[in-house]
Amino acid sequence: MKFTQRAMLYISRKQGKTVSLFLVVFVVAVFLISCFGVLNASERLSRDIRTSLGAAFYIRANTEVSMNENGEAQVKENNVHISWKEIDEIMQAGEIKYYNPINYGFAKSDAIQFIQGDKHTAENNMGKVTALRFSALASHFADETAVLVEGKHITESDSGKILISEQLARANQLSVGDTLTLTHASLSEADGAYIDEIPVKTAYTRVEVSGIYKLNIEDISIKPTAGVANNEIYASLDVLNELHESETGIYTGEVDFYITDPAKLENITRNVRDLQSIDWTTHFIRTNDFQYSKIADQLSSLGNLVKILLVLVSVVSTAFLTLLLTMRMRSRMQEAGILLAVGVSKGQIMAGFLLEVLSVAIMALILSHIASLCVTGFLGHSLFGELQPNLINEETITTGMQNGLQIENYLKLSAVETLLIYFCQLVVIAASTLVSSIVIMRLKPKEILSKMS
């Protein structure tokens, strides 16, 4: 009888031993693939966080808060601005990847009935306009309090494009690709009512809805219609220029600067503060590392923990497999002695033992791959569920296409990595089987049979 036939017969006959070996290999394989998947995710996520826009600093004019005659607080912006010349100097202060100038204004449209706010009237039916170079870099999108759900973000190459909220689009039956006309407006308060300081309209611009966003927070504060969060319109910079509410190359709002390495944020901002061209008595600077330090520390700790777990699983599983296979081989000492006595070569006996074990192991590894996908997904969402930052990458900024973070993409191992892990397991199993077999094969048939008596 050929050794292949003997191996298959043993597997079918000794079901208990076959199942026990199958389960051990199956569980070990699932643990190893899951651990490597989590380790791979932590390393890739750390790298992508560091190579995406990992930090920012913002420069804007100081505000003056005073009380009017009615005892109400009034916020007054200093009449200052940042020009392209100053932006150019700031861009030379360090490894700054992008700048995002912002201008603010108000706008009306016959095609839009804005979500009603406090003391709403037809006169104050307007929305706040935030005109900027890259809408994906706006603070609400960066911190994910707003998410683009349709269309694409505004980029530096866009002209006459706007983003509106999902609620505003639904209320006015607007969708991506629709065009409408905006006119200028200016919000003020008089005699307890909110009014438009530009009653006679002289500036108009035609715009296209480039995208629709959804707010993830609920604004319950009492505000005029123009201050309602769902009424905010994000626009390309030219929109407010066309409405005569801003000038090309002059930015009266905030200017945001983005860097890739959060570790360099402090040094870069120090260099910026040393610039003499900016009057720091009328401007202030604030920083934001997008919680990088917190996320990076957690990912590093998690990665180290997984590495320790991998070592323990590998050592313990190798030792257990070796012990199991050694006991398996010792229980077959009499069988080996009989086969040797009837003239079966040692090579064929060892080949049969090896084929039995590898056949069961390969089946266990194939099925373990399916199970490991479920286990890895569960572990990934459990461990990284609170550690998923908004990766502001170059593709999203320059193309405007939203590219959300999918943790499943980080957990997946490549085919080469998966096969390498399985190959190493098969090598350990084969080596353990051969070592256990050699102990028996070194004995003569008579010695083997005498040991079993």
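Atoms considered below: every heavy atom in the structure, side chains included; atoms not considered: hydrogens, waters and symmetry mates.
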[X] atom [atom1], neighbour heavy-atom count above 12 within 6.0 Å:
{"X": "Tyr422", "atom1": "OH", "value": "yes"}
{"X": "Glu123", "atom1": "CD", "value": "yes"}
{"X": "Tyr204", "atom1": "OH", "value": "yes"}
{"X": "Gln92", "atom1": "CD", "value": "yes"}
{"X": "Glu266", "atom1": "CD", "value": "no"}
{"X": "Gln276", "atom1": "CD", "value": "no"}
{"X": "Asp274", "atom1": "CG", "value": "yes"}
{"X": "Lys214", "atom1": "NZ", "value": "no"}

Tested for ring pair (Phe, Tyr, Trp, His ring centres under 6.0 Å) against His153, the lone hit among Phe141, Phe134, Tyr213, Tyr234 is Phe141

So, [X] side chain and [Y] main chain: donor-acceptor pair closer than 3.5 Å or not?
{"X": "Asn172", "Y": "Leu168", "result": "yes"}
{"X": "Ser165", "Y": "Asn230", "result": "yes"}
{"X": "Asp238", "Y": "Gly160", "result": "yes"}
{"X": "Asp118", "Y": "Ile222", "result": "no"}
{"X": "Asp279", "Y": "Thr281", "result": "yes"}
{"X": "Ser246", "Y": "Asn241", "result": "yes"}
{"X": "Ser372", "Y": "Val30", "result": "no"}
{"X": "Asn267", "Y": "Lys264", "result": "no"}
{"X": "Thr183", "Y": "Ala203", "result": "yes"}

Between the side chains of [X] and [Y], does any donor sit under 3.5 Å from an acceptor?
{"X": "Thr145", "Y": "Asn216", "value": "no"}
{"X": "Ser186", "Y": "Glu197", "value": "yes"}
{"X": "Thr130", "Y": "Glu232", "value": "yes"}
{"X": "Ser236", "Y": "Asp158", "value": "no"}

Parallel, tilted or perpendicular for Tyr99 and Phe257, by the 30°/60° rule?
-> tilted

Check: Which word best sums up how the rings of His283 and Trp280 line up, parallel for under 30°, tilted for 30 to 60°, or perpendicular for over 60°?
Finding: perpendicular

Where do [X] and [Y] come nearest, in terms of heavy atoms and distance?
{"X": "Ala185", "Y": "Ile198", "result": "C-CD1, 3.9 Å"}
{"X": "Leu240", "Y": "Gly105", "result": "CD1-N, 3.8 Å"}
{"X": "Gly117", "Y": "Val228", "result": "CA-CG2, 3.9 Å"}
{"X": "Leu215", "Y": "Ala146", "result": "CD2-CB, 3.9 Å"}

Side chain to side chain donor-acceptor pair (under 3.5 Å) test vs Lys108 passes for just one of Asp196, Asn124, Thr181, namely Asp196

Under the side chain to side chain donor-acceptor pair (under 3.5 Å) criterion, do Thr225 and His120 qualify, and how do the steps go?
CA-CA 6 Å; Thr225 298; His120 178 82; 2.7 Å; yes

Tell me whether the NZ or CZ atom of Lys97 lies within the 45° cone about the ring axis of Tyr258 and under 6.0 Å from its centre.
no

Taking the side chain as every heavy atom from C-beta outward, state whether Asn231 and Lys128 have any pair of such atoms under 4.5 Å apart.
no

| Would you call Glu89 and Lys85 a salt bridge, taking side-chain N to carboxylate O under 4.0 Å as the test? | no

Result for side chain to side chain contact (heavy atoms under 4.5 Å, CB included) between Phe57 and one of Val255, Asp256, Ile90, Asn288 points to Ile90

